[in-house]
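What follows is one structure encoded as structure tokens, with my remarks underneath.
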There are 2 protein chains.
Amino acid sequence: MTARPRTRPTATPPLTRPGQALERVLQGAEAAIRRGRKFQQVLNGARDIFLARGYEGASVDDIAREAGVSKATLYAYFPDKRLLFMEVAKAECARQAEEAVKLIDQNAPAREVLTEAARRIVAFLTSEFAQKVFRICVAEADRFPELGHEFYHSGPLLVQQRLVEYLAKAVARGELAIDDLPFAADQFAALCKVTLHEQVIFGVADCCPPKMADQVVRGAVEMFLARYGVRPASA
Amino acid sequence: MTARPRTRPTATPPLTRPGQALERVLQGAEAAIRRGRKFQQVLNGARDIFLARGYEGASVDDIAREAGVSKATLYAYFPDKRLLFMEVAKAECARQAEEAVKLIDQNAPAREVLTEAARRIVAFLTSEFAQKVFRICVAEADRFPELGHEFYHSGPLLVQQRLVEYLAKAVARGELAIDDLPFAADQFAALCKVTLHEQVIFGVADCCPPKMADQVVRGAVEMFLARYGVRPASA
DNA sequence: TGCAAAGTGAACTGATCGGTTCAATATCAT
DNA sequence: ATGATATTGAACCGATCAGTTCACTTTGCA
């Protein structure tokens, strides 16, 4: 234990090679906060550890190790653990939003549109990623009020807005009859959570049988159309 | 720090076989767990602190102080913090179950029964108590798988079972037409969570406007009947 | 009244963790 | 090459916390 030959065979994760062209390119469009090369590494490591162990369960040393970065570097970027967590959560919410934005052909028949929407919502809800983010957000909503809001706005609320957007068109076309669009959208989203969400959150179902997912999707569409669908004029 | 007499005759946990008159009396009806007078105090204090601060946030010293009991006594009853938490959570779930059991007159018209059921579910979901238990259970479902199961079984699953019980009768009477009873029950429960649950969980809504609660209740009943209600034979 | 069990308080251990510091080193633009 | 900047590793601090121990006091029954 004298010379410390700096054995660092795999110390730095291969996320960013020495050639930092990518980094510099990103600098332009992104914020001016990125003070150094290891910024993204820190964020990635933090995301992995936070997602795996929650806020309290994730130690800063673990994060630094996972990120392949020294603790000093980490603290050079983020003044404290709280802020690091907020940053990670915000980034993840943004990603979630992007995913949700890819919506569906608004002009297809209502049944098709709703079925596809339900399928995507169900798929997202049952994804491991969504579960973990949800878990942390629920647990830490007391400690980080902003986090709760952030998650709600870029999660459930965003979905609601997209649905309202579509439902309005469907109503205008006479396919549906809805008076309170946001409320109806929330109902639809709620119907997509049936059974699955609770079972997954509480670890009751080991896996998520696609059969049940199908049933939920079909059930949601069926019920929504039963309530808001315009029958063919009793012809 | 030399002799270390190692006197452990009492072996802290007072498993107390002999000499407990009161103890023995209680043993009959109650469980065989109540080993001493302060047992309930510990449980109550633990419940308050856990509910207020979550698992990690609650220190054993705080719990002992809140319970008006020495830490030694606390550890005499519960070998560790985990088990204490499990015990508290179990007790709370049982209480929740009792509350839910008080169901409704099964023979009233479907609309009335469903409305009252929805009202109770909504009231429970928006209660501060339910929120806190839910928050902890979600957060700790990883660390305590049993806890997740316990909560699910004495919470959502119990409600589902009661609803199925009723729905079966309503179907038999020809008021409703349902093929998959448990699934329909889950759908109904999901409809009761619309908007409210998410807003409350993520701290978006400061209070819980009773107007919205009413809307959710009426919306749930309306939609459920639209889907499963038996129309008056198109007369 | 006496005695054993129940309960107490306070100190202590060992470990973890968030955050700081700093001298040594690596990287990169010039 | 050179100097500015980013990064490192490791030691360290202070705080917190779960859990232990023990001499002592209280309680309740016989």
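Each chain gets a letter, A, B and so on, in the order its sequence line appears, and its residues count up from 1.
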- prompt: Quick one: does B:Lys81's side chain have a donor or acceptor within less than 3.5 Å of a partner on B:Ser59's backbone?
  reply: no
Distance in angstrom units between B:Arg82 CZ and D:dG19 C1', rounded: 15 Å
- line: Of C:dG9, D:dA6, C:dG7, the nucleotide closest to the side chain of B:Arg37 is C:dG7
task: Please confirm whether B:Phe188 and B:Phe183 have ring centers closer than 6.0 angstrom.
output: no
- request: Might you point out which heavy atoms bring A:Gln131 and A:Thr126 nearest each other, and give the distance in Å?
  value: NE2-O, 3.1 Å
- line: Winner on side-chain proximity to A:Val69, out of D:dT8, C:dT8, D:dG19, is D:dT8
- line: Rounded to whole Å, CZ of B:Phe50 lies from C1' of D:dA18 at a distance of 12 Å
message: From the set C:dG9, D:dA18, C:dG19, return the single nucleotide nearest to any side-chain atom of A:Lys81.
response: C:dG19
message: From C-beta outward on B:Asp80, which listed nucleotide comes closest to its side chain: C:dT20, C:dT8, D:dG19?
response: D:dG19
task: Take the protein atom OH of A:Tyr77 and the nucleotide atom C1' of C:dG19, then report the distance between them rounded to whole Å.
output: 18 Å
- prompt: Tell me: CG of B:Leu84 to P of D:dG19, nearest whole Å?
  reply: 10 Å
- prompt: Is B:Lys38 touching bases, backbone alone, or none of the nucleic acid, heavy atoms closer than 4.0 Å?
  reply: sugar-phosphate
- prompt: Within the distance-only criterion (no hydrogens, no angle test), does the side chain of B:Ser154 pair as donor or acceptor with the backbone N or O of B:Glu150 below 3.5 angstrom?
  reply: yes
query: So does B:Lys71 reach the base of D:dG19 with its side chain, donor to acceptor, closer than 3.5 Å?
result: yes
query: Mind checking whether B:Val217 and B:Cys192 have side chains closer than 4.5 Å, heavy atoms only?
result: no
Nucleotide D:dG19, atom C1' - distance to CG of B:Leu83 in whole Å: 14 Å
statement: Rounded to whole Å, the CZ-P distance (A:Phe78 to C:dG19) equals 13 Å
query: Taking atom types as modelled and ignoring hydrogens, do the side chains of B:Asn44 and B:Glu66 form a donor-acceptor contact shorter than 3.5 angstrom?
result: no
message: Could you tell me how far apart B:Ile49 (CD1) and D:dA18 (P) are, to the nearest whole angstrom?
response: 12 Å
field: Interface residues of residues 51-61 of chain A with DNA chain C (non-hydrogen, below 4.0 angstrom)
entry: A:Ala58, A:Ser59, A:Val60
Between P of C:dG9 and CZ of B:Arg65, the distance in whole Å: 12 Å
query: Where the side chain of A:Ala72 is defined as all heavy atoms beyond and including C-beta, which of C:dG19, D:dT20, D:dT8 is the nearest nucleotide?
result: D:dT8
- request: Please determine if a side-chain N or O atom of B:Ser70 lies less than 4.0 Å away from the OP1 or OP2 oxygen of C:dT8.
  value: yes
- prompt: Can you list every ring-ring contact (aromatic ring centres under 6.0 Å, His included) pair that touches residues 135-155 of chain A, not counting sequence neighbours?
  reply: A:Tyr55-A:Phe144, A:Phe85-A:Phe144, A:Phe151-B:Phe202
